[in-house]
There are 2 protein chains.
Amino acid sequence: MSVRLRPIQALRLWQEVGLNMVRRHAVDLTQRQMVILLTIYLEPPPHTVRGLAAKLGVTKPVITRALDAMGEMDLVSRRRDPTDRRNVIIQRTVRGSLFLDEFSDLVVEAAGTLAP
Amino acid sequence: MSVRLRPIQALRLWQEVGLNMVRRHAVDLTQRQMVILLTIYLEPPPHTVRGLAAKLGVTKPVITRALDAMGEMDLVSRRRDPTDRRNVIIQRTVRGSLFLDEFSDLVVEAAGTLAP
DNA sequence: GATAGATGATACGGATGTGAAACGATTGGC
DNA sequence: GCCAATCGTTTCACATCCGTATCATCTATC
């Protein structure tokens, strides 16, 4: 079932979630990094640098650097494709799953407290 | 009425909206900038630098620089408080309203196409 | 086996954000 | 009138991100 949301509720939802993320002072991802992370966790593998670059409409270095940053935080991991060693397969991590679990809970809770 | 949203739907919503924003290649705001903008437009005035800094739990220069950036894009404007000339009153602009209108429409539409 | 193509990573220059500290302008208490 | 307090801004050194161009590695074609 689709989710019915009115414009003012959409803005309040974004404010509430963003405010929580900012105040929490914890993981601070770029919008692009967040989209990359979500894509890796929501869409079927395999995920490659060029694939993500095409999906987001950005250059490959953007993806490489985002993976560097998120790999440093242990949110994703990379390994060479054994069948074609030019490719890099991007994989999920426990910490990445945990982060998105907590994030989605935050969104769900914020949505639950929205005024009409 | 509160909005019922399941965790997986929350993640898909964020991905869809983020993907749209990234691909659009248009206004690219930091999470902090976005929260500031939403606060200015959603909560009752007057808005001051120190008030926003306290609300977000960040230092005042963060607010000043965010206002510099968004002022450059004509998303917000500033003027001195005539009654106490130490204060700066932050105000909305037509362009800022338009941007948030379009953004909220994007969110609403993305929510409407969410799978169960 | 040589070579052209594909893939991801890196180097570079420029732009922007951050925290900490210091600053100038303004106000209010005494 | 004087001086401390308040408010927003600026400065500084540092880190991160971007796009372009280039690179090293690997594959596939001839």
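Letters A, B, ... are given to chains in the order of the sequence lines, protein chains preceding strands, and every chain is numbered from 1. Remember, it's a predicted structure, so these values are computed and weren't measured experimentally.
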In Å and rounded to the nearest 0.5 Å, what is the [atom1] to [atom2] distance from [X] to [Y]?
X	Y	atom1	atom2	result
B/T93	B/M70	OG1	CE	10.0 Å
B/L11	A/L38	CG	CG	6.0 Å
A/L52	A/I63	CG	CD1	5.0 Å

Round to the nearest Å and state the distance from [X] atom [atom1] to [N] atom [atom2].
X	N	atom1	atom2	answer
A/I90	C/dG8	CD1	P	7 Å
B/E72	C/dT16	CD	P	9 Å
B/L67	C/dG17	CG	P	12 Å
A/D68	C/dA9	CG	P	7 Å
A/H47	C/dT7	NE2	C1'	18 Å

For this session: Shoot me the first and last contacting nucleotide of DNA chain D against chain B, ordered 5' to 3', at under 4.0 angstrom to non-hydrogen atoms.
Result: D/dT6 to D/dT11

Problem set entry | Over 12 non-hydrogen atoms of neighbours within 6.0 angstrom of CD in B/E109 | no

For this session: Return yes when atom CD of A/Q91 has more than 12 non-hydrogen atoms of other residues, nucleotides or ligands closer than 6.0 Å, and no otherwise.
Result: yes

Exercise. When every nucleotide of nucleotides 20-30 of chain C is labelled 5' to 3' by its protein contacts under 4.0 Å (heavy atoms), B for base, S for sugar-phosphate only, - for none, what sequence of letters results?
Worked result: BB----BS---

Problem set entry | Pairs where residues 23-40 of chain B contributes a residue and the test side-chain hydrogen bond (donor to acceptor under 3.5 Å, both in side chains) is met, not counting sequence neighbours | A/Q15-B/T39

For this session: Have a look at B/Q33 and say if it touches a base, only the backbone sugar-phosphate, or nothing, with a 4.0 Å heavy-atom cut-off.
Result: sugar-phosphate

Exercise. If each of A/I63 and B/V62 is mapped to the nucleotide of DNA chain C with the nearest heavy atom, which maps nearer the 5' terminus, i.e. the 5' end?
Worked result: A/I63

Atom pairs, N/O to N/O, protein against nucleotides 1-3 of chain C, distance under 3.5 Å?
none

Exercise. In terms of the nearest nucleotide of DNA chain D, which residue is placed more toward the 5' end: B/H25 or B/R50?
Worked result: B/R50

Exercise. If only side-chain N and O atoms of A/T64 are considered, is one of them under 4.0 Å from the OP1 or OP2 phosphate oxygen of C/dA9?
Worked result: yes

Exercise. Between A/A10 and B/S104, which heavy-atom pair has the shortest distance, and what is it?
Worked result: CB-O, 4.1 Å

Exercise. What's the shortest heavy-atom distance between B/L13 and B/V107, and which atoms?
Worked result: CD1-O, 3.9 Å

Problem set entry | pair A/K55-A/V35: side-chain heavy atoms closer than 4.5 Å | no

Exercise. Can you name the salt bridge (charged side-chain N to carboxylate O under 4.0 Å, His left out) partners of A/E102, sequence neighbours left out?
Worked result: none

Exercise. Tell me the salt bridge (charged side-chain N to carboxylate O under 4.0 Å, His left out) pairs involving residues 56-80 of chain A, sequence neighbours left out?
Worked result: A/D68-A/R78

